[in-house]
Amino acid sequence: MKNIIKSFIIAGLATAAYAKSPAPATAENLINAQRVSNINVANISPTDSIWRNAKSVAVIFYPQTTIKLNDAKANAANKDNKAIAAQVSAVYNNSAIAFKISWSDPTQSVQSGNASDVYPDGFAMQLPVSFNDPKKLPYIGMGSEGRPVLVHLTKATNMHYEPNGNGDVEHQVNPHNTNAFGADLANYKDKVNKLGKQGYSRAFISEGFRSMTQLKDGSDKFGMKMTYDAKSKRWTGVVAKQLRDGAADLSKFGALPVSFAVWDGSKYNRGGVKNLSTWLAVKLQGKAGGDALVKELTSKPKGDAKAGQAQVEAMCASCHTLSATKQAASPVMAPNLKNIGGYSTNAYLVESIKDPNAVVVPGYNRNAHKGFAWYNVDAKTVKRTSTMPPMMSDDKSINDAVAYLKTLKAEVAK
Ligand code: HEC
């Protein structure tokens with residue numbers, strides 16, 4: 001009798017589990033992409049009905065502190081940057097994937113046509129061009145040599161004009177430059193209006209800062225949009241792309257790594273000075289595969305952070321700045337690590353300690369920055385080699401160091 005009841009209960013549970021689809025797993029850095037029927041890639045919008053069932057998760061964007069700009073005003077404005085709490089949701093179908101991100105920004109900065117002193121707010125999405133090994137993802141700051149990423153970037157801009165084939169913008173946009181009047185002038189103005197572009201969206205392949213190559217051949221089909229809500233002081237950005245295009249084929253995976261970055265124009269953010277997420281795992285609901293990637297990106301560090309701290313402070317602080325309060329090492333010696341735990345994966349940190357040459361962090365140009373000591377460049381092959389010696393050979397020390405490095409991150413802005 002007891003057994004019969006038991007099997008009834010189990011059967012009941014099993015039916016319930018089948019009736020609903022299995023509840024998506026939740027974990028830090030995990031986004032469940034909901035399957036939808038139609039994604040309008042070119043004209044993706046935050047108000048599309050596709051977002052109705054997409055559940056957003058909290059993701060944190062950490063200040064990137066790897067390099068400093070050659071701009072005292074910008075460096076002062078970004079000195080004590082906090083992390084930004086964002087919300088991310090995703091949807092996909094057989095041919096496309098789309099993300100919606102929203103983040104707080106108390107100041108809306110929009111770039112107008114030719115005002116070069118105003119930096120715009122913006123956001124970007126980054127995907128690896130390929131990712132066979134979830135432990136060897138591209139460097140989070142726009143890829144690195146041999147590990148390229150695909151970057152989609154948009155900025156908040158007012159109507160702006162780009163040169164036509166003749167470089168003849170002046171004539172296109174200035175009605176005084178035409179002899180037309182009356183209906184002809186109205187037609188002319190209409191034409192000028194249509195030539196203007198509202199947004200700035202670009203696709204790049206990048207192997208590190210300063211190696212971005214814009215994709216202009218149209219092989220990469222994507223759409224982006226960002227809208228500001230003055231009441232909540234938040235941006236909402238949407239980005240959609242074909243899973244398969246001339247740059248990458250992401251259609252065969254059950255899970256994808258993705259990362260997002262945001263720029264705050266009021267703090268003169270640009271280039272490498274921004275807030276960014278770590279690699280996030282996007283699980284395509286109902287599609288098989290990708291378990292190793294999800295496991296890797298949602299795993300907690302194994303070591304003992306306290307033991308790691310003692311070792312890292314003794315062995316690494318002569319080259320690396322570890323926190324805002326500890327004694328600072330010279331930025332020309334090595335990258336600042338005060339936010340490294342926020343935007344780096346465990347596997348990346350292990351690799352950085354064991355094998356510094358696996359990813360040589362892209363930095364300043366040695367010719368323009370005297371004394372810059374991050375890497376040597378072979379005159380013949382132009383290949384960069386890290387000046388960091390491999391540190392720590394035993395797994396326990398490395399795991400402890402990684403557990404400590406994961407604690408190095410700015411607090412979240414309220
Ligand atoms: C002799 C100076 C030196 C020492 C000592 C040193 N490093 Fe480095 N480290 C560097 C340089 C230079 C780079 C940048 C080039 C590269 O990517 O290897 C770097 C890069 C890194 C990175 C990648 C940073 C990023 O922004 O992605 C990590 C993580 C790191 N080191 C951790 C450590 C740890 C942990 C220790 C101590 C166990 C240590 N380093 C000791 C010089 C040093």
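When a ligand or atom number is given, it counts from 1 through the structure's own listing order. The structure presented is a predicted model; accordingly, all values stated were derived computationally and were not measured.
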Residue Ser352 vicinity, atoms of ligand 1 by number, heavy atom under 4.0 Å: 22 (C), 23 (C), 28 (C), 29 (C)

Closest approach of any protein heavy atom to atom 14 (C) of ligand 1, naming residue and atom: Pro335 CD, 3.4 Å

Numbered atoms of ligand 1 (with element) below 4.0 Å of Ile353, judged on heavy atoms: 35 (C)

Within-cut-off N or O pair, Val361 and ligand 1, under 3.5 Å: yes

Atom pair CD/OG of Gln309 and Ser323 - distance to nearest 0.5 Å: 9.0 Å

Side chain, backbone, both or neither: Ile340 near ligand 1, heavy atoms under 4.0 Å: side chain

Between Asp264 and Asn275, a side-chain donor and acceptor under 3.5 Å: no

Under 2.8 Å: N/O/S of Met388 next to atom 8 (Fe) of ligand 1: yes

For atom 18 (O) of ligand 1, the protein heavy atom that lies nearest, with its residue and separation: Ser386 OG, 2.6 Å

For ligand 1, the portion of Tyr348 having any non-hydrogen atom under 4.0 Å away: side chain

Element-labelled atoms of ligand 1 that are located less than 4.0 Å from some non-hydrogen atom of Met333: 12 (C)

Side-chain H-bond candidate by donor/acceptor type, Asn399 with Ser397, under 3.5 Å: no

Residue pair Ser102 / Gln87, side-chain donor-acceptor N/O under 3.5 Å: no

Residue Tyr139 vicinity, atoms of ligand 1 by number, heavy atom under 4.0 Å: 27 (O)

Contacting atoms of ligand 1, where contact means under 4.0 angstrom from a heavy atom of Thr387: 12 (C)

Modelled atom types, side-chain donor and acceptor of Ser56 and Ser89, under 3.5 Å: no

Plane angle bin for Tyr139 and Tyr348 - parallel if under 30°, tilted between 30 and 60°, otherwise perpendicular: tilted

Nearest-neighbour protein heavy atom for atom 8 (Fe) of ligand 1, which is reported as residue plus atom name and distance: His320 NE2, 2.0 Å

Contacting atoms of ligand 1, where contact means under 4.0 angstrom from a heavy atom of Pro356: 18 (O)

Location of contacts on Leu349 toward ligand 1, heavy atoms closer than 4.0 Å: side chain

Closest protein heavy atom to atom 2 (C) of ligand 1, given as residue, atom name and distance to 0.1 Å: Cys319 SG, 1.9 Å

For Val359, atoms of ligand 1 separated by under 4.0 Å from a heavy atom: 16 (C), 17 (O)

Aromatic plane relationship, Phe372 with Trp374 - under 30° parallel, 30 to 60° tilted, over 60° perpendicular: tilted

Test item, Trp374 contacting ligand 1 (heavy atom, 4.0 angstrom): yes

Top protein contact for atom 36 (C) of ligand 1, by heavy-atom distance: Cys316 SG, 2.6 Å

side-chain contact (heavy atoms from CB on, under 4.5 Å) between Leu250 and Phe131, intermediate numbers included: CA-CA 10 Å; Leu250 306 170; Phe131 54 101; 3.9 Å; yes

Subset of ligand 1 atoms that lie under 4.0 Å from at least one heavy atom of Leu337: 24 (C)

